[in-house]
Every structure is written in C-alpha cells, then in structure tokens.
Number of protein chains: 2
Amino acid sequence: MKLSTKGQYGVRAMFELALQHGRGPVSLKLVAERQDISEHYLEQIIALLRKAGLVNSIRGAQGGYVLAREPGEISVGDIIRVLEGPVAPVECVNDDTSDRCMRAEQCVSKMVWAKVKNSIEQVIDSITLADMCEEAEKARFEQGSFMYHI
Amino acid sequence: MKLSTKGQYGVRAMFELALQHGRGPVSLKLVAERQDISEHYLEQIIALLRKAGLVNSIRGAQGGYVLAREPGEISVGDIIRVLEGPVAPVECVNDDTSDRCMRAEQCVSKMVWAKVKNSIEQVIDSITLADMCEEAEKARFEQGSFMYHI
DNA sequence: AAGAAAACCTACTTGTTTGGTAGGGATTAA
DNA sequence: TTAATCCCTACCAAACAAGTAGGTTTTCTT
C-alpha cells in the first residue's frame, strides 16, 4: 500500500503552486528548491499534470507554472489519480477494468478491497489544495506546536 | 496505491483456511487449486504467515495448514501487514520510522497521508476472516444475486 | 539583436521489486 | 516403504522506480 515518490512529489509541488496562487507563474526551479525535489525529475512529473489539465505553463523567461483551476477546485485525489493511476488496491475493483469475478468466494475478498478503495477515495477527494493552504496558515500561527498533534 | 498479489493471495488463502476451520489441516495444494494460485508461489507466501504466527503447519502426509487463532481473531489487516509491511502510504507516517519532518509545509502533506493511513487501517483492521465467512454464507443463500450489489 | 531564463522532449541508467520457477530435502500417515 | 506433504535456497525475467543526461524551443529583458 505504498505511494511512489511521483505521487508525493506531485502533491507537494501542487501545494507549492497553490501557496503562490494568484501571484503569477512559478518556475519549476523554485518549486524544486523549496520542496527539495530533483528539478529534472519534477519536470517529468509536472508534464503529466499539465497534460491532465491540472496546471498551465507559461514558456520563456520569467515563465513557469500556474494552477489551471482554483486551489479549492483541485483535490489531492485529482493529483494522485493522474500520477499513480486509479486508486483501486487490486485490479478487479477498478472501474475502468471490465474484469468479471468468477466465484462467490472471490467476491468476498473483492468486497474488502472495494471498501478499502472507497475509504481512500473519501479522504483524498475531500481534501483540496485550498484546505492544505489553510492548514499551513493555521500551523504558521500556532508556531510549530502543530507538529505535535497531527 | 496498489496491493501486490502477495497480499491478495495471502488474504484469499487465509479465507480458504477459515472456511475449512475446525475440520483439520488443509493442504496447500487444495488451497492453491481452489483459489487458482501457483502452489509453489503460495508456499512462499504462507511461509511468511507461519513465521508471523498466523497459521500452524502439520507436516507429513495428510498434513497441511490450520489457522493459529479463531477466524474472528484474525483481521485482514493482520495478514496484509505481514505480507506487505506497514500500511503507511508514505514512509514518514510510518510508526516504525523515526523520520523527522523538517518543514511546516511538509507537515501539511504528511497530515494528508496520515489521514489516508488511518482510514485504510480502520477498514482492514475491522474486517476479520469470520466476517468474510459470514459474508460468503450470506452470498450463498442469495444465489448469486449478491454479485450485482457490491 | 543577443542573451538568458525558462519550458519542453527523448533517451538512458541503475537498482529494486514482482511474480514467479527449479530442484531438491525432511517429516509423517497409511 | 512409499506417497503426500511441508520446508528451504537459489535463480530468473520482466517491470517499475527514481532519477540523469543532454539537448531544443520559446519568450522576456536588455
């Protein structure tokens, strides 16, 4: 049940863009620096997010990336699905797959995976970048005490 | 957010043992056949479950495996943690790791992963093999109509 | 017009994991 | 004693992860 760095980096990069939202394009260099991610690797990740329509790019000097929608309109789930594929823990509970379940016993395990899938989706689809920004703002005021009550 | 076949096969094998619970040892051959899993591969998987104390083995002819505890005392989470490691979607929310979070921003994403982790754990720790058997029994009576309302 | 800052692109690399297979040895019921 | 069964180590091919390398193209600034 692991997330690859692609998903992690992607969320962190998008969060960084959300923090700067409304203040013009942000260069990848800055994002990579602030989030401590290899710039070149991040380039490949953000290319996927661009193709998926979650960010827009501005080329040339002083260019960079901006969120394609408001931070409140982009959820963690949107980002993860682009970078990691569908959240189904096993293939057979994936909506895209027309995979038939052959026996009743398998159905029972399938039900377990479906429950896992739903609970994950409920979490990641309910948290938007705006929520994360708000949380960060809150943390800033609480002066680090935040770290102790995650 | 994928589960490897190891986890899937493991749960299905344990479920099979639960169905036969109380009726003596079940050979790996039978389990593999019924669940359509490579016997040799399953051998490696069940070895891990044995070392973790979830099943006991009886060697020799007419031997096999039995659950080490009652089906109601073994959760899906117990099985998955043995075969897939801790359920933390990212390393930094793993209890075993003494990984310090360096910046407040990272904390925000960390909080997201912690929520995901908790919701997964709540599901897999609350479903026992006994629950799965009960569900299978129910499905048997509903004569296949079960398949359509997962 | 020149230079630099940026996005964009394809290919390569290195190590790890996955999902097994091969080939035996040890134990025990019949 | 023999067949069924668990037990063990080693090996393997393919895929994936997490980057690096080395460019091209676009556009702002001077």
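Letters go in sequence order (proteins before strands), and every chain restarts at 1.
- To the nearest angstrom, C1' of D:dC7 lies 16 Å from CD1 of B:I45.
- Rounded to a whole Å, the NZ atom of B:K51 is 11 Å from the C1' atom of D:dT9.
- A donor and an acceptor atom, one from each side chain of B:E73 and B:T128, are nowhere located under 3.5 Å apart.
- The backbone N or O of B:Q35 sits less than 3.5 Å from a side-chain atom of B:R12, completing a donor-acceptor pair.
- In this structure, NZ of A:K29 is placed 17 Å from P of C:dC8, rounded to the nearest angstrom.
- If you check the side chains of A:S4 and A:E84, you find a donor sitting under 3.5 Å from an acceptor.
- Here the side chain of A:K2 pairs no donor or acceptor atom with the backbone of B:V90 at under 3.5 angstrom.
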All N/O contacts under 3.5 Å from nucleotides 22-25 of chain D to the protein, with atom names and distances to one decimal?
| from | atom 1 | to | atom 2 | distance (Å) |
| --- | --- | --- | --- | --- |
| D:dG22 | O6 | A:H40 | NE2 | 2.5 |
| D:dT25 | O2 | A:R59 | NH2 | 3.0 |

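- At a threshold of 4.0 Å, the pair B:R81-B:E121 counts as salt-bridged, since one of the basic side-chain nitrogens sits closer than that to a carboxylate oxygen.
- Taking atom CD on A:Q62 and atom C1' on C:dA4, their separation rounds to 9 Å, with Å as the unit.
- At least one donor-acceptor pair closer than 3.5 Å links the side chain of B:S75 to the backbone N or O of B:D78.
- Residue A:Y65 contributes atom OH, which lies 9 Å from atom C1' of C:dA6 at whole-angstrom precision.
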Handout entry: Where protein sits on nucleotides 12-20 of chain C, one letter per nucleotide: B base, S sugar-phosphate only, - none, heavy atoms under 4.0 Å
Key = -------BB
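- Side chain of A:N118 to main chain of A:K115: no donor-acceptor pair is present (N/O by atom type, distance under 3.5 Å, no hydrogens or angles).
- A salt bridge does not link A:E91 with A:K110: none of the charged nitrogens is closer than 4.0 Å to a carboxylate oxygen.
- For the pair A:L48 CG and C:dT10 P, the interatomic distance rounds to 12 Å; values are reported in whole Å.
- Per the geometry, CG belonging to A:L42 stands 17 Å off P belonging to D:dA17, to the nearest Å.
- Contact annotation: A:R50 side-chain N/O to C:dC8 OP1/OP2 distance is under 4.0 Å.
- The residues B:R34 and B:E16 are annotated as salt-bridged, a charged nitrogen and a carboxylate oxygen being separated by less than 4.0 angstrom.
- Of the side-chain N and O atoms in B:S57, one or more sit less than 4.0 angstrom from OP1 or OP2 of D:dC7.
- The distance from atom CD of A:E33 to atom P of C:dA6 is 11 Å, rounded to the nearest whole Å.
- B:I46 comes within 4.0 angstrom of no nucleic acid atom, judged by non-hydrogen atoms across all strands.
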